[in-house]
> 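Quick one: the structure is below, questions incoming.
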Amino acid sequence: MEFRYITQIDEAVKSLEAFKEDKYLFIDTEVAVKSFEDIDFFNDKIRLIQIGNYSKIFVYDMFRIPQFSEHLKELLENKGVIGHNLKFDIKFLKTNFGIFPQIVFDTMIASQLLSEDSREKHSLSALSYRLTDNHLDKSQQRSPWGIKNLTEEQLRYAAKDVQVLREIFPVLRDELNRIETPHKATGKIHETFGLDNGVAVVEMAFVPQLADIELRGMPVDEKLLKDMLQKVSTDYQREYIDFVRRYGVDPFSPQKVTNWLTSKLGLKLPTTQKGSLSSQDSALRRYIDREEVRKLLHIRSEKKILDKLKELKAHLINGRIYTQFKQIGAPTGRMASMRPNLQNITRDLRVLFRPPEGKKLIVADYSQIELRIAAEYVNDETMIKAFSEGKDLHRFTASLILGKEYDQITKDERQMAKAINFGLIYGISPRSLMEYARNSYGVDISLKDAQIFHSRFFEVYKGFKSWHDRVKEYLKEHNKMVVYTLLGRRMVVRRFTEAVNFPVQGTGSDLLKMAVVFFGKLKEDRDAGIVNLVHDEIIVECSESIADEIRDILSESMLRAGKILLKKVPVEFEVEIVESWAEK
DNA sequence: TGCACCAGCGCC
DNA sequence: AAACGGCGCTGATGCA
């Protein structure tokens, strides 16, 4: 492998000649970080930028030639950029040099989209080995990139990544193109890389959007967070001491709690295969009328709130919290958020998320999106009709199952139907339905009623019945099944529950990602940006003065995505301009 | 003491 | 044969 290490500006500028004819380039960066565990995207510095085409590789030392970044901006924002885990590089390029590449192909994302096994690794070295049979030595990855004179080994290592990229890119692209997708790819990403796969084009366009979201961070009312932490902390400590003094049991020891509840109180709790260990979770809620159980659940949820407040505080930087997303966090395409997780914030803590003076939040979420997707996906005529007539589906289901007038359905009945709708589209059993209705919706139904509702549901929604039957039949015969979302995201499943879940949940993530990509395009350079994403919800922060306009752009983006994926069922969503996340 | 596992619980 | 799925964080537990 040949490469050139460049430390002089005139040499750097001259090297650009080599890339004149290229539509896309292979890139990587090495960053001098203070701590590999806790990377600081705002203060850590890019040391090297490696750029190559199919014949040349240049390694630019940005400590020596910082002024070269102006030329790089021109280059990297106008050509296609191929790299591995580009969200990382894009974030540093943006904070260090104001460079924001948007026509990208990410080999990690490509590999994840192609994967048929969720245990598969997607590191560059894993890909190199899998696709080209070469072992890639990553021992230099965590070497000190800030030292004055980089070693020959470090430079070699840096250049090597680019060589690997150009070997694996065509393989990944061609594999993606081989998958039949219902939506034809269009636009710059498609033309630049010759990428036809619709899902892949959306995911690639999403990469820089997600980098932007992470860099914005979510605004937090710092004083409120600190006050709340103080209060919850003292309350909790008192309650904990109180609990232990009263019952003599550690509420967080599963063994001791099980022992206590069964022997002293005579409760019947299920046991897991681990013998003495017992799985309490939902079973405990059966005994919610016992004071001890109520106290136990209460202290546990207090602890949960305290933990979350601590977690938020630990990640607070100048009034904002910067999470990290895994773009494909689940095989369905859903994202995952970590350090901290901003996708499991409870209702009562959302009040903490509040923009500074002069800014507003816009909170938008799709309504009953999984049900709408499921209706479209299985082509259930009854459900599609109900949705297209603008019916409230939970009320509608209640009326069909109970044989009552649509307008006569009570709040409780609607609540029960909610449990039925969400549970039964995925084939929940009558027994589990009973538990689920109680634990998640606070509705008590007998096993007998659960059985009746179960069978009535499938009489009414025949499309769901035949879908479930088809899937069961197929799996019985083949023991695995390839399923697709409405955008064409492909998944290989082995279990019935996966086979019915994945296409629906997966289409949900297709939809959200498309909406985000549209929003990024439509908002142009207005002072607005997304600050959090929660599966079917988009949270935007913007200047107060343009809030109305941004709200409309967001609505348009969500509607446009909906119209592309759902042809028979209308999408609906709520959008609101608010002072805090809690206000919705 | 450190590590892997999981139970429990928050969100969609 | 029966089955709703996905995630991350904390801390108990069991083992080396």
Side-chain angles (χ1 to χ4, degrees), chain A residues 118 250-258 269-285 296-312 314-315 323-350 365-371 373-374 419-433 435-437 439-440 454 457 464 468 471-472 475-476 483 491 493-509 511-512 532-538 581:
Chain A
S118 58
D250 178 0
F252 301 106
S253 162
Q255 280 182 3
K256 294 192 179 102
V257 166
T258 303
L269 297 172
T271 53
T272 58
Q273 63 274 61
K274 282 262 165 190
S276 60
L277 281 177
S278 112
S279 147
Q280 297 150 1
D281 62 310
S282 67
L284 256 184
R285 291 174 203 283
L296 177 69
L297 293 176
H298 178 261
I299 191 109
R300 283 183 176 172
S301 78
E302 279 293 290
K303 178 65 162 41
K304 206 74 189 169
I305 294 167
L306 179 60
D307 283 349
K308 196 72 209 186
L309 288 169
K310 284 182 182 168
E311 190 194 352
L312 293 177
H315 289 92
T323 187
Q324 295 195 44
F325 288 100
K326 286 183 200 162
Q327 184 168 327
I328 300 181
T332 53
R334 268 197 185 183
M335 284 181 288
S337 154
M338 51 198 249
R339 278 171 290 156
N341 182 351
L342 288 185
Q343 292 182 320
N344 70 343
I345 306 292
T346 49
R347 296 269 152 212
D348 39 327
L349 293 189
R350 296 191 178 190
D365 69 318
Y366 283 108
S367 310
Q368 300 150 12
I369 195 60
E370 290 211 350
L371 276 174
I373 290 167
I420 294 173
N421 281 332
F422 288 131
L424 292 189
I425 59 171
Y426 302 127
I428 200 173
S429 69
R431 176 165 293 281
S432 304
L433 173 61
E435 305 268 337
Y436 178 59
N439 297 332
S440 300
H454 184 274
F457 181 91
F464 283 87
H468 286 184
V471 171
K472 281 177 190 161
L475 279 171
K476 199 155 66 171
V483 294
M491 286 159 284
V493 298
R494 301 199 125 74
R495 297 201 304 270
F496 169 75
T497 51
E498 290 175 330
V500 291
N501 253 286
F502 278 18
V504 178
Q505 195 182 105
T507 301
S509 58
L511 182 69
L512 190 81
N532 197 11
L533 296 170
V534 193
H535 310 310
D536 62 357
E537 180 176 11
I538 300 175
W581 193 10

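Keep in mind that the numbers below use all heavy atoms, side chains included, and drop hydrogens, waters and symmetry copies. Within every chain, numbering begins at 1; the chains are lettered A, B, ... in the order of the sequence lines, protein sequences first and strands thereafter.
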> Grab the CD1-C1' distance between A:I425 and C:dG6 for me, whole Å please.
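It is 14 Å, rounded to the nearest whole Å.
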> Does any N or O in the side chain of A:N532 come within less than 3.5 Å of the main-chain N or O of A:L342, such that one atom is a donor and the other an acceptor?
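At least one qualifying donor-acceptor pair exists.
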> At under 4.0 Å between heavy atoms, what does A:R431 touch on the DNA or RNA strands: base, sugar-phosphate, or nothing?
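No contact.
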> Counting N and O atoms only, with roles assigned by atom type, does the side chain of A:Q343 sit under 3.5 Å from a partner on the main chain of A:L533, one being a donor and the other an acceptor?
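Yes: the side chain of A:Q343 pairs with the backbone of A:L533.
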> Name the closest nucleotide to the A:V534 side chain, picking from C:dC4, C:dA12, B:dC12.
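The closest nucleotide is B:dC12.
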> Whole angstroms only, please: what is the CD1-P distance between A:I328 and C:dC7?
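It works out to 13 Å between those atoms.
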> Within the modelled atom types, does a donor on one side and an acceptor on the other bring the side chain of A:N341 and the base of C:dG8 under 3.5 Å apart?
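For A:N341, whose side chain was compared with the base of C:dG8, there is no donor-acceptor pair (under 3.5 Å).
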> Is A:F252 touching bases, backbone alone, or none of the nucleic acid, heavy atoms closer than 4.0 Å?
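Answer is sugar-phosphate: A:F252 comes under 4.0 Å of backbone atoms only.
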> Taking atom CZ of A:R495 and atom CG of A:N501, what is their separation to the nearest 0.5 Å?
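Output value for this atom pair is 9.5 Å.
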> Using the C1' atoms only, state how far B:dG10 lies from C:dA3, rounded to an integer number of Å.
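Here C:dA3 and B:dG10 have their C1' atoms 24 Å from each other.
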> Would you classify A:F422 as touching base, sugar-phosphate or nothing, given that sugar-phosphate means primed atoms plus P, OP1 and OP2, and contacts are heavy atoms under 4.0 Å?
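Nothing, no nucleic acid heavy atom in range.
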> Less than 4.5 Å apart, side chain to side chain, heavy atoms only: is that true for A:I305 and A:L309?
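Yes, at least one pair of side-chain atoms sits under 4.5 Å.
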> A:Q505 near the nucleic acid: base, sugar-phosphate alone, or nothing, with a heavy-atom cut-off under 4.0 Å?
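Answer is base: heavy atoms of A:Q505 come under 4.0 Å of a base.
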> Tell me the interatomic distance from A:Q343, atom CD, to C:dC9, atom C1', rounded to whole angstroms.
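Taking atom C1' of C:dC9 as the reference, CD of A:Q343 is at 13 Å.
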> Return no unless some side-chain N or O of A:K303 is found under 4.0 Å from OP1 or OP2 of C:dG11.
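It does, given that an N or O in the side chain of A:K303 lies less than 4.0 Å from OP1 or OP2 of C:dG11.
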> A:R347 CZ to B:dC9 C1': how many Å, rounded?
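After rounding, the gap between these two atoms is 16 Å.
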> Choose from B:dG8, C:dC4, C:dC7 the nucleotide whose nearest atom is closest to any side-chain atom of A:R300.
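The closest nucleotide is B:dG8.
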> Assign A:K472 to base, sugar-phosphate, or nothing according to its heavy-atom contacts below 4.0 angstrom with the strands shown.
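Base contact.
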> Report yes or no: is there a donor-acceptor pair, N or O only, under 3.5 Å between the side chain of A:R339 and the base of C:dC9?
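Side chain to base: no pair present.
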> What I'd like to find out is whether the side chain of A:I425 reaches to under 4.5 Å of the side chain of A:F464, using heavy atoms alone.
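Yes, their side chains come closer than 4.5 Å.
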> C:dA1 P sits how many Å from A:L475 CG, rounded?
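So the CG-P distance, A:L475 to C:dA1, works out to 15 Å.
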> Measure CD/A:E302 against P/C:dT10 and give the value in whole Å, please.
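Nearest whole value for this atom pair: 17 Å.
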> From the options C:dG5, C:dC7, B:dC9, select the nucleotide whose nearest atom is closest to the side chain of A:K304.
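Among the listed nucleotides, the one closest to the side chain of A:K304 is B:dC9.
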> For A:Y436 and A:K326, find the nucleotide of DNA chain C closest to each by heavy atoms; which residue's nucleotide sits nearer the 5' end?
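The residue closer to the strand's 5' end, by nearest nucleotide, is A:Y436.
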> Measuring from atom CD1 of A:I299 to atom CD of A:E302, what distance do you get when rounded to the nearest 0.5 angstrom?
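One gets 7.5 Å once the value is rounded to the nearest 0.5 Å.
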> Could you tell me whether the phosphate oxygens of C:dA2, OP1 or OP2, come under 4.0 Å of any side-chain nitrogen or oxygen in A:T497?
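Looking at the OP1 and OP2 atoms of C:dA2, neither is under 4.0 Å from any side-chain N or O of A:T497.
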> May I ask you to evaluate whether A:T346 reaches the phosphate of B:dG10, defined as a side-chain N or O under 4.0 Å from OP1 or OP2?
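It does not, given that no N or O in the side chain of A:T346 lies less than 4.0 Å from OP1 or OP2 of B:dG10.
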> Once you apply a heavy-atom cut-off of 4.0 Å, does A:I305 come out as touching a base, just sugar-phosphate, or nothing?
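Counting heavy atoms under 4.0 Å across all strands, no contact is made by A:I305.
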> Counting side-chain heavy atoms from C-beta on, which of C:dC9, B:dC11, C:dC7 comes nearest to A:N344?
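Nearest to the side-chain atoms of A:N344, counting from C-beta on, is B:dC11.
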> For the pair made of CD in A:E498 and P in C:dA2, what is the distance, rounded to whole Å?
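Roughly 19 Å, once rounded to whole Å.
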> Expressed as a whole number of angstroms, how long is the span from A:N532:CG to C:dC7:C1'?
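Those two atoms, CG and C1', are 14 Å apart.
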> Using a cut-off of less than 4.0 Å, is there contact between a side-chain N or O of A:S432 and OP1 or OP2 of C:dC4?
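Looking at the OP1 and OP2 atoms of C:dC4, one of them is under 4.0 Å from a side-chain N or O of A:S432.
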